[in-house]
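Okay, structure first, notes after.
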Amino acid sequence: MATPLSPQSGTPSTLKTIAVVGLGTMGTGITEVLVQAGREVIGIDVGEAQAARCVAALEASTARAVERGRLTESERADALARLRTGTDLAAAADADLVLEVAPESYEIKHRILRELDGIVRPDTILATGTNALSVTRLAADSARPERVLGLHFFNPAPAMKLVEVVSSVLTAPGAVAAVTDLALELGKEPVAVGDRPGFVADGLLFGYLNQAAAMYEARYASREDIDAAMRLGCGLPMGPLALLDLIGIDTARTVLEAMYAETRDRLHAPAPILKQLSEAGLTGRKSGRGFYTYEAPGSATVVADALTPDAAGTGTPGREVRSVGVAGSGTMASGIAEVFAKAGYDVVLAARSEEKAQAAKARIGKSLARSVDKARLTAEAAAEVLDRIVPAGSYDAFADVDLAVEAIAEDLEVKQQLFGTLDKICKPGAVLATTTSSLPVVACARATSRPQDVIGMHFFNPAPAMKLVEVVRTVLTADDVHATVREVCAKIKKHAVDCGDRAGFIVNALLFPYLNNAIKMVEEHYASLDDIDAAMKLGGGYPMGPFELLDVVGLDVSLAIEKVLHREFRDPGLAPAPLLEHLVAAGCLGRKTGRGFREYARR
């Protein structure tokens, strides 16, 4: 089981001189962390040019630190003086710890560790920075397997706080204690994990990245839309395809192959496009081209290529939209009505009764008042927005709207009944949209006599704050209806992404298998809730850990989406984790009930 680590003693770490073998991006980043923390570092790489690039990168990064007031010139000079580089492993003879961050290859890592056996002192700890290969297998071939462990930093090492300390069944506790103390002194947050492919963070991350690659390969959505959807819909720092380019597509393929060999889970079977790009040498940023094209090898600047979307769009004109009807009285319906009214549209907010509609408008009033309190709106502007919203106790009030958006219960039969009603009430040419997050849009369309006018507009909660809208076309949706919704999204200042009509669309199809895998990790007693949440926030830059997010979304909602995904894609790996089903059956639905994966104070 993964365990958060604390200092093993009150004395400073005994690891004063550290050799870093492999001075690529990760090795250079780790070297920077070590020298700035006062460690003597021996940087070793087979190529003199790579060693020189490491020194140059360190000179540049410390110069920036001086400019920003984080280091003095004297501290910078001392840090640079603590690094010496070479091309021979013999230079590691006096090291207290050797950390190899060579390419992800058993052959290369075995060779390094075997050679180090004949160079270093008997008490020197040998650490591998692998994020995919078996630490046990690497240790077993060492002359002293008890001193071999995994020390997995995250990229960029100077910024990322998480360090996974990986023990095999052979690792001595003293070695774990020593590197744990070191990690803490470096300002990192170490977590102890067992030896399995991907450990905690990458074990969850790479399945998600692989699914995103497969989604793109299937031409379900563009690379730009997939990445924007996950950034804006989940608050992630990078989209999955851009992250694959940063990690290295060849590296990602190696990690996934190791995970698949262990798990035989189809979610870890590398998407064919990863092999194709790797074998073509299109490995991401480091080669100048991967899923995206970059200004130069090693550059982070994306440049236009043949796949870059045309800024001019399709050229199909949309229909005029002056008034909008929003069906529903819950949080989502209120939020959507607020969004449209803020953008200047006249809004009819209709519910099953006048009382419910008035209550929904009152909720919007409270939301606007909060915006006024936070100086985001003036009182006059808030009053104007509220005046644009007309509550109604019957959908008959939608007779003259140009766009009708339903935000009612996530129940297909209920939605189909509503669309049948809207078909009779709404004028010819009105666009009919569903906000469903998991149900087939075409099933709603077929409940009308005008399926060409029906489209999905999946807003995210809370609608006033979240910038993303997934625009879901069915095979029957007319081009001008699609163009209309794209234009409307621009006017309400939302980022629209296009996707087809299949379960989960983009965000939920990528998010919920990741959440499900986190639950399975707990079921298998590999890691705790706290460890997993910490790993994904600290190692992946996620705004919330998976269990925090599950409790916020609601375990019943999460289970329903998992079931839809499993039913549609028929992948055994998507079957909802039994622990999730058990919690829902027990009424533990998350924050809304006071208990989910964690317990919450009642308000």
Side-chain angles (χ1 to χ4, degrees), residues 221-222 224-225 228-229 232-233 309-328 332-350 364 384-385 388-390 395 397-408 418-419 422 425-437 441 444-445 448 450-474 476-501 505-507:
S222 72
E224 288 84 0
D225 281 354
L232 299 174
D310 185 352
T314 62
T316 302
R319 303 175 187 179
E320 185 178 16
V321 176
R322 289 167 299 180
S323 60
V324 178
V326 178
M332 182 60 83
S334 300
I336 293 170
E338 179 180 334
V339 167
F340 279 110
K342 279 180 175 175
Y345 289 99
D346 293 326
V347 178
V348 178
L349 179 55
I364 297 169
E384 288 175 11
V385 170
R388 291 191 195 105
I389 300 170
V390 176
Y395 298 126
F398 285 178
D400 294 320
V401 301
D402 303 304
L403 167 64
V405 181
E406 72 77 15
I408 61 171
L418 175 59
F419 272 85
L422 296 178
I425 293 169
C426 293
K427 66 185 180 184
V431 174
L432 310 181
T434 172
T435 61
T436 181
S437 62
V441 177
C444 295
T448 75
R450 40 174 155 175
Q452 72 279 1
D453 291 341
V454 179
I455 195 167
M457 285 185 77
H458 179 212
F459 288 79
F460 288 74
N461 202 20
M466 299 295 282
K467 294 295 185 185
L468 182 69
V469 175
E470 290 178 319
V471 177
V472 187
R473 293 190 69 163
T474 77
L476 303 173
T477 304
D479 289 343
D480 65 337
V481 168
H482 175 249
T484 301
V485 169
R486 295 280 308 193
E487 290 168 7
V488 165
C489 285
K491 288 177 182 175
I492 62 176
K493 297 181 180 178
K494 300 296 182 186
H495 185 108
V497 296
D498 287 325
C499 53
D501 185 21
F505 311 134
I506 297 174
V507 173

Should we count NZ of Lys467 as having more than 12 external heavy atoms under 6.0 Å?
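Atom NZ in Lys467 is not crowded, with 12 or fewer foreign heavy atoms closer than 6.0 Å.
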
Quick one: are [X] and [Y] in side-chain contact, heavy atoms under 4.5 Å?
| X | Y | answer |
| --- | --- | --- |
| Val431 | Val321 | no |
| His458 | Thr434 | no |
| Pro309 | Glu224 | yes |
| Val405 | Thr435 | yes |
| Val441 | Ile455 | no |
| Thr484 | Leu403 | no |
| Cys426 | Leu432 | yes |

Checking Ser222 now: which residues fulfil side-chain hydrogen bond (donor to acceptor under 3.5 Å, both in side chains) with it, not counting sequence neighbours?
none

Those residues at least two apart in sequence (or on a different chain) that pass side-chain hydrogen bond (donor to acceptor under 3.5 Å, both in side chains) with Arg319 are Asp453, Asp480

How far does [atom1] of [X] sit from [atom2] of [Y], to the nearest 0.5 angstrom?
| X | Y | atom1 | atom2 | value |
| --- | --- | --- | --- | --- |
| Phe398 | Ser323 | CZ | OG | 10.0 Å |
| Thr477 | Gln452 | OG1 | CD | 9.0 Å |
| Arg486 | Thr316 | CZ | OG1 | 12.0 Å |
| Ile408 | Thr436 | CD1 | OG1 | 10.0 Å |

Taking all heavy atoms of [X] and all of [Y], pick out the closest pair and write down the distance.
| X | Y | result |
| --- | --- | --- |
| Gly500 | Phe505 | O-CD2, 3.8 Å |
| Val497 | Ala228 | CG1-CB, 4.1 Å |
| Met332 | Ala407 | CG-CB, 4.2 Å |
| Leu232 | Met466 | O-CE, 3.4 Å |
| Ala229 | Leu468 | O-CD2, 3.5 Å |
| Val471 | Cys489 | CG2-SG, 4.3 Å |

Which residues share a ring-ring contact (aromatic ring centres under 6.0 Å, His included) with Phe419, sequence neighbours left out:
none

Any side-chain to backbone donor/acceptor pair from [X] onto [Y]? Under 3.5 Å, distance only.
| X | Y | value |
| --- | --- | --- |
| Lys494 | Ala463 | yes |
| Glu406 | Gly328 | no |
| Glu487 | Gly318 | yes |
| Glu470 | Val507 | yes |

For Asp479, check salt bridge (Lys or Arg N to Asp or Glu O under 4.0 Å) against everything at least two apart and list the hits.
Arg473

In chain order, what residues pass the salt bridge (Lys or Arg N to Asp or Glu O under 4.0 Å) check against Asp501, with sequence neighbours excluded?
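Per chain and number, Asp501 pairs via salt bridge (Lys or Arg N to Asp or Glu O under 4.0 Å) with no residue.
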
Table please: side-chain donor-acceptor pairs of residues 333-349 below 3.5 Å, with sequence neighbours left out.
from	atom 1	to	atom 2	distance (Å)
Ser334	OG	Gly330	O	3.0
Ser334	OG	Arg363	NH1	2.7
Glu338	OE1	Ser367	OG	2.8
Glu338	OE2	Lys342	NZ	2.9
Glu338	OE2	Ser367	OG	3.2

Tell me, with the steps shown, if Ile389 and Ile364 meet side-chain contact (heavy atoms from CB on, under 4.5 Å).
CA-CA 9 Å; Ile389 300 170; Ile364 297 169; 3.7 Å; yes

